[in-house]
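Protein chains get the first letters and strands the later ones, always in sequence-line order, with residue 1 at the start of each.
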There are 2 protein chains.
Amino acid sequence: MVARSHSSISSSIPSAFCDECTLSNICITHGVDSITKARLKTIILHPTPFQAGDYLYRIGNRLKALYIVKSGFIKVYVSTTYGEEQILGFHLPGELVGLDALGTNAHRCDAVALDTSRVCELPATKLSEICRLSPKIRRQLNRLMGRQLSHVQEMLLLLGKKSAEGRVAAFLLNMSARFKERGFPEYEFHLNMSRHDIANYLGLAVETVSRVFSRFQEEGLLKVRARNVQICDDVRLRQLVSGTSTKD
Amino acid sequence: MVARSHSSISSSIPSAFCDECTLSNICITHGVDSITKARLKTIILHPTPFQAGDYLYRIGNRLKALYIVKSGFIKVYVSTTYGEEQILGFHLPGELVGLDALGTNAHRCDAVALDTSRVCELPATKLSEICRLSPKIRRQLNRLMGRQLSHVQEMLLLLGKKSAEGRVAAFLLNMSARFKERGFPEYEFHLNMSRHDIANYLGLAVETVSRVFSRFQEEGLLKVRARNVQICDDVRLRQLVSGTSTKD
DNA sequence: CGCTTCCTTGAGTGCTTTCAACGAGCGTGG
DNA sequence: CCACGCTCGTTGAAAGCACTCAAGGAAGCG
């Protein structure tokens, strides 16, 4: 049976200042010297938490700030004029949100909280100052953009080459790894997003996701109860991801 | 009939120095003051041209340099251990290649020339110096990363939500726009890549791409002769791109 | 308790893939 | 010069995977 005390990732509340923050090891400020940290402290804001459904920013908004997720869960997506949406990612605590606007100074995505979410805010007006502060920070920003690029590229591989089963398996393993990084159970977690969101993210129909979940459960790879997932056979899941599927 | 003098984009040869380079208006150095440009001149290298099939870098290589394409055509792709490949993009003159390594200092893609290609080389060791040179350059680098991110995100939408026809139409219009930016005919151009590459890039089977090309031609949207393409009805192509297709 | 949203499951359709064959273009070598 | 083999691109026929449509169950909320 799947435990039910899981929304835990939403209730982890790092303290307000970097040097005491429980996320510091995966945060942008990781490895920065204490002087710089002190100056960061004067720059970084801590706005009131976003509630589920609140937008951090919308498409077209001028870049106001970059956000580091402290707790909660952020969904980022693009939508076309015609109303189609494509979810680009789900952001967990420790991750930086808003980089999409660095190029044009205007956001090209929507970012919405799926859960009560606390964030640290790096005001855009202070960004160049932050970058001047230390080469370390510059490198960190580059690293984070690089990581984001890398993630999106993985997604391209997923959407371009993998079957429905491969995509869902990859998604679950990815979530698992990220929960683990954050000190949460690796093989038993709560998905904050709806099946609809998962389907959209993976380029599938809702029904297909549902069916794959069911099939995985039948085959003993998972135990699924609503949004609670327990991974029972990560080895086979990994095989499904790498397993060549369709085309090419 | 499609003209045949097209590989022209490979034979445009900007002069070696930025201030005389015919690409300067779309290059990373655009808008930089002359002092900085002079210093860039001392940093930027001009290696001997890459031949078709030559690799600029391979997955895992340490970041040696960023490359600005001066002429030719670069294909960038990831490949999994199992041998699957996913093409991430095709780079035309004026575009920056190698950003994927900024995060980890190691490349996560392969980059190969599809044609004889000249490049400018920004040595990685000089990168931080370049960044220190001017905030303008920093911003340009950010802009370029942002643009890349933005492009990959568009691709996600394409692969996640569009039908085969929509994908091919979007691909053709994208190429068209980029040729136009570079002063080449907008509605008549040569595709340097194979159908196989196009298919891979768009997450389709080769045969599907071929069929869509044929269908488009039958319907008077295109004229296709081998790799030469003439766009006859860009309006309907645009409709095909935005036209909602499958799922969601 | 009824409403709504979310999720699941079934049946049928269809788009894309797969398998297969063929023509064209091209470089090689007899 | 032409045959040969190769890659590339096209086309046809058939199969399959994922989608659409439809219905019903479960859970949350006023």
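Judged as a side-chain hydrogen bond (donor to acceptor under 3.5 Å, both in side chains), and not counting sequence neighbours, the contacts of B/Gln86 are A/Lys161. Looking at residues two or more places apart in sequence or on another chain, you find a side-chain contact (heavy atoms from CB on, under 4.5 Å) between A/Glu165 and A/Ser163, A/Val212, A/Arg215, A/Phe216, A/Leu240. Applying the salt bridge (charged side-chain N to carboxylate O under 4.0 Å, His left out) rule to A/Lys180 yields the partners A/Glu186; only residues at least two apart in sequence or on another chain are considered. The side-chain contact (heavy atoms from CB on, under 4.5 Å) check on A/Asp233 picks up A/Leu221, A/Val235, A/Arg236, with sequence neighbours excluded. Judged as a ring-ring contact (aromatic ring centres under 6.0 Å, His included), and not counting sequence neighbours, the contacts of A/Phe90 are A/Tyr201. Listed by chain and residue number, B/Glu84 satisfy the side-chain hydrogen bond (donor to acceptor under 3.5 Å, both in side chains) test with B/Thr80 (two or more places apart in sequence, or in another chain). A/Arg227 pairs by the salt bridge (charged side-chain N to carboxylate O under 4.0 Å, His left out) definition with nothing, not counting sequence neighbours.
The distance between atom CD of A/Gln217 and atom C1' of C/dT9, rounded to the nearest whole Å, is 14 Å. Separating the NZ atom of A/Lys161 from the P atom of C/dT18 is a distance of 11 Å, rounded to the nearest angstrom. We find that CD of B/Glu165 is positioned 13 Å from P of C/dT17, with the value rounded to whole Å. Per the geometry, CG belonging to A/Leu204 stands 18 Å off P belonging to C/dC15, to the nearest Å. Separating the CG atom of B/Asn200 from the P atom of C/dT17 is a distance of 12 Å, rounded to the nearest angstrom. The distance from atom CG of B/Asn192 to atom P of D/dC8 is 15 Å, rounded to the nearest whole Å. One can place CG of B/Leu191 at 15 Å from P of D/dC8, the figure rounded to the nearest angstrom.
Rounded to 10 degrees, the angle separating the terminal helix axes of the helix from C/dC1-D/dG30 to C/dG30-D/dC1, each built from five base pairs, is 30°.
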Counting only pairs under 3.5 Å, give me each side-chain donor-acceptor contact of residues 49-62 of chain A, with atom names and distances, residues two or more places apart or in other chains.
unit_1, atom_1, unit_2, atom_2, d
A/Gln51, OE1, A/Thr116, OG1, 3.3
A/Asp54, OD2, A/Gln51, N, 2.7
A/Tyr55, OH, A/Tyr77, OH, 2.8
A/Tyr57, OH, A/Gly98, N, 3.4
A/Tyr57, OH, A/Asp100, OD1, 2.9
A/Arg58, NE, A/Asp110, OD1, 3.1
A/Asn61, OD1, A/Arg58, N, 2.7

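The side chain to side chain donor-acceptor pair (under 3.5 Å) pairs that include a residue from residues 204-214 of chain B number zero, where partners must be two or more places apart or lie in different chains.
The line from CD of A/Gln153 to CG of A/Leu158 is 13.5 Å long, rounded to the nearest 0.5 Å.
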5' to 3', nucleotides 3-8 of chain C under a 4.0 Å protein heavy-atom cut-off (B base, S sugar-phosphate only, - none) gives ---SSB
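Counting heavy atoms from C-beta outward, A/Lys223 and A/Gln217 have side chains that approach closer than 4.5 Å.
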Distances under 3.5 Å between protein N/O atoms and the N/O atoms of nucleotides 21-25 of chain C, please, pair by pair.
none

